[in-house]
Amino acid sequence: MPETRDGAAGEARRLEGQVVILTGAANGIGRVYARRLAREGVRLSLVDVDGPGLRAACAECAALGGTAIDVEADVSDSRAVARAVDSTVARLGGVDGLVNNAALFSTLPDRSFEQIPVDEFDRVLAVNVRGTFLFCQAVVPHMRRRGRGKIVNVASGIILSATPGLAHYVASKGAVFALTRVLAREVGADGITVNTLAPGRTFTDAMLARQSQRPPELRGSQPALGRPEVPEDLEGTLVYLLSGDSDYVTGQMVVVNGGAQFW
């Protein structure tokens with residue numbers, strides 16, 4: 001496993017003062033995103049259903065000199081999403097960026113599509129797709145009034161490999177990409193960009209545990225760069241998509257997978 005990098009250490013803070021909502025921030029990749037954005041000077045609204053995890057993430061951001069508020073909410077609940085966005089605007093003064101990272105994945109067992117219970121299928125799409133839709137719907141009016149905004153919807157490189165055993169997850173991430181493209185067309189004239197960040201097989205603790213239990217045929221192809229992907233490999237692309245450097249980039253899926261698949 002490669003050493004993790006310190007992100008913005010010693011570099012200019014490219015997102016200084018921006019207000020960004022980050023969902024799924026309590027654990028895993030989302031928590032790594034939170035720390036990097038805090039180092040970039042972002043004022044963060046961290047959203048998750050895991051209250052203790054959120055508070056720990058906020059404390060980490062504060063230790064890095066950042067500002068972060070915790071907003072406990074179920075992203076699939078429209079009223080909870082509306083309250084989360086209203087609270088962010090009231091406490092932080094607006095919304096410049098949105099990162100839709102919340103998703104159900106690590107707790108899903110591998111099984112054929114014929115064995116997936118309907119209620120599990122519905123829950124995966126409710127969190128992964130409806131949650132993304134609801135947050136986009138809630139933040140766009142605020143961004144439109146400002147005449148600018150950055151939305152990053154997190155999909156997955158799994159939609160390129162279509163790894164068997166997770167049909168509902170693969171379908172949900174394909175839907176996130178499709179939603180991104182139509183939203184980019186609908187809000188582009190308002191100065192809002194909407195893009196998809198698609199990580200490859202990223203080795204969080206949960207993924208390491210999952211991979212150890214999977215048969216070889218479900219473990220996916222090896223990256224061309226010859227080493228496992230870690231959450232920190234995604235940080236720079238996220239910062240780019242939230243920064244002014246990507247002002248003329250919209251409706252795109254940026255795949256960060258070390259060359260495991262080519263897009």
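Not measured: the values here are computed from a predicted model.
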Side chain to side chain contact (heavy atoms under 4.5 Å, CB included) partner of Tyr33, chosen from Val239, Val152, Leu197, Leu44: Leu197

Full working for salt bridge (charged side-chain N to carboxylate O under 4.0 Å, His left out) between Arg201 and Glu229: CA-CA 7 Å; Arg201 193 171 67 256; Glu229 182 170 355; over 6 Å; no

Worked check of salt bridge (charged side-chain N to carboxylate O under 4.0 Å, His left out) between Arg181 and Glu186: CA-CA 9 Å; Arg181 297 176 79 177; Glu186 291 197 16; over 6 Å; no

Backbone N/O of Tyr240 and side chain of Ser246: donor-acceptor pair under 3.5 Å: yes

Sidechain-backbone polar pair: Asp77 side chain, Asp74 backbone, donor-acceptor under 3.5 Å: no

Check: Arg130 side chain, Ser76 main-chain N or O, donor-acceptor pair, under 3.5 Å: yes

Candidates Arg43, Arg146, His142, Lys150 - the one meeting side-chain hydrogen bond (donor to acceptor under 3.5 Å, both in side chains) with Asp96: Arg146

Short side-chain to backbone donor-acceptor contact, Asn195 and Val249, under 3.5 Å: yes

Sidechain-backbone polar pair: Asp70 side chain, Arg55 backbone, donor-acceptor under 3.5 Å: no

Heavy-atom side-chain contact between Val95 and Met143 under 4.5 Å: yes

Phe133 atom CZ, over 12 foreign heavy atoms within 6.0 Å: no

side-chain hydrogen bond (donor to acceptor under 3.5 Å, both in side chains), paired with His168, selected from Arg111, Arg123, Glu120: Glu120

Contact check, side chains of Asn153 and Val194, non-hydrogen atoms, under 4.5 Å: yes

Any side-chain donor near an acceptor of the partner, Thr193 and Thr250, under 3.5 Å: no

Glu16 and its side-chain hydrogen bond (donor to acceptor under 3.5 Å, both in side chains) partner, picked from Arg14, Gln18, Arg13: Arg13

ILVMFWY network linking Phe113 to Val124, side-chain heavy atoms under 4.5 angstrom: no

